[in-house]
Amino acid sequence: MGVVKGIYIADAEGAPVRPVAEIRAVAGVGLEGDRNFRENAESGTQATFIEQEAVEALRRDFEIDLAPGAHRRNIVTQGAPLNHLIGKRFRVGEAEFVGIRLCEPCAYLESMTQPGIVKGLVHRGGLRADILRSGAIRPGDELTVLEE
């Protein structure tokens, strides 16, 4: 259905994001090394996804050119309509997820990037997901929806 184009984490809240070549998703906890990695993580905080197509549309339609990872989402995908994954189970690399809710842009994100990002990413700011099965994720891994 889609493919992972990049993986980004931040060491702490508000810290700069950095790309990683591989990450381990831990069921019920989050992505190792990320700011939201914690035991009994709140639902919807374990991993975030954004479509590369949304980042490109932001550049094309709103003339906002974000640096890689500046969207502050963990996993960038291409070819996967993320909004359709709410309530669905899907696999990325070795890990399994369930889509929880949209990851709408907020004033905090806009304060860390530039004006117009909220308007430019509304309803296409990505997906918040919970991790159901642990495993490694790398750029190039496929995103596959699992049968119900």
Side-chain angles (χ1 to χ4, degrees), residues 2-83 85-86 88-143:
V3 66
V4 174
K5 299 301 286 183
I7 304 168
Y8 299 89
I9 61 172
D11 298 327
E13 198 68 37
V17 294
R18 61 184 170 87
V20 294
E22 179 177 330
I23 194 111
R24 180 157 176 75
V26 179
V29 179
L31 302 174
E32 281 186 356
D34 188 56
R35 63 196 177 277
N36 292 318
F37 185 79
R38 59 182 60 92
E39 289 293 327
N40 302 312
E42 181 181 330
S43 183
T45 65
Q46 297 170 25
T48 55
F49 293 79
I50 191 168
E51 298 171 18
Q52 180 62 35
E53 294 88 345
V55 176
E56 291 167 2
L58 185 65
R59 181 181 309 115
R60 180 189 65 239
D61 300 343
F62 293 88
E63 298 180 355
I64 296 175
D65 193 12
L66 291 178
H71 43 67
R72 303 193 68 80
R73 306 306 190 252
N74 300 122
I75 301 170
V76 180
T77 64
Q78 187 169 34
L82 299 175
N83 287 13
L85 296 180
I86 295 172
K88 302 258 194 304
R89 290 177 37 241
F90 58 97
R91 181 179 302 119
V92 180
E94 300 170 355
E96 187 176 316
F97 297 83
V98 63
I100 300 299
R101 64 183 181 273
L102 294 182
C103 189
E104 294 289 9
C106 62
Y108 176 71
L109 175 63
E110 192 162 278
S111 76
M112 295 193 71
T113 55
Q114 65 186 79
I117 194 128
V118 170
K119 182 178 179 185
L121 287 179
V122 71
H123 304 316
R124 58 183 179 184
L127 177 73
R128 292 180 171 277
D130 286 350
I131 304 166
L132 301 176
R133 190 179 80 201
S134 301
I137 303 169
R138 299 167 195 84
D141 283 349
E142 291 185 2
L143 183 153

Check: Arg59 main-chain N/O paired with Asp65 side-chain donor or acceptor under 3.5 Å
no
Identify the residue among Arg124, Arg73, Arg72 that makes a side chain to side chain contact (heavy atoms under 4.5 Å, CB included) with Cys103.
Arg73
With under 30° as parallel and over 60° as perpendicular, where do the rings of Phe97 and Phe49 fit, or are they tilted in between?
perpendicular
Roughly how far, to the nearest 0.5 Å, is CG of Asp34 from CD of Gln46?
11.5 Å
For Glu142, does the CD atom sit with more than 12 other heavy atoms under 6.0 Å from it, leaving out its own atoms?
no
Applying side chain to side chain donor-acceptor pair (under 3.5 Å), name anything that partners Arg38, two or more places apart in sequence or on another chain.
none
Is there a donor-acceptor pair closer than 3.5 Å between any side-chain N or O of Glu53 and the backbone N or O of Gly79?
yes
Please give me the minimum heavy-atom distance between Asn36 and Thr45, naming the atom from each residue.
CB-O, 3.3 Å
Looking at residues at least two apart in the chain, or sitting in another chain, which of them share a side chain to side chain donor-acceptor pair (under 3.5 Å) with Glu42?
none
Sequence neighbours left out, cut at 3.5 Å: what donor-acceptor pairs do the side chains of residues 15-31 make with other protein atoms?
{"unit_1": "Arg18", "atom_1": "NE", "unit_2": "Asp11", "atom_2": "OD1", "d": "3.4"}
{"unit_1": "Arg18", "atom_1": "NH2", "unit_2": "Asp11", "atom_2": "OD1", "d": "3.1"}
{"unit_1": "Glu22", "atom_1": "OE1", "unit_2": "Arg138", "atom_2": "NE", "d": "3.2"}

Let me confirm one number: the OG1-CG distance from Thr77 to Leu127, rounded to the nearest 0.5 Å.
9.0 Å
Can you check whether His123's main-chain N or O pairs, donor with acceptor, with Asn83's side chain at less than 3.5 Å?
yes
Under the ring-ring contact (aromatic ring centres under 6.0 Å, His included) definition, can you give me all pairs with a residue in residues 23-44, not counting sequence neighbours?
none
Tell me the ring-ring contact (aromatic ring centres under 6.0 Å, His included) pairs involving residues 52-73, sequence neighbours left out?
Tyr8-His71
Please assess Ile117 against Leu66 for the test side-chain contact (heavy atoms from CB on, under 4.5 Å), listing each intermediate value before the final yes or no.
CA-CA 9 Å; Ile117 194 128; Leu66 291 178; 3.5 Å; yes
Can you list everything that forms a side-chain contact (heavy atoms from CB on, under 4.5 Å) with Glu63? Sequence neighbours excluded, please.
none
Do Leu143 and Leu85 have side-chain heavy atoms sitting under 4.5 Å apart?
yes
Output yes when a side-chain donor or acceptor of Gln78 lies under 3.5 Å from a complementary backbone atom of Gln52, and no otherwise.
no
Ignoring hydrogens and angles, tell me if any N or O in the side chain of Arg133 forms a donor-acceptor pair with the backbone of Glu96 under 3.5 Å.
no
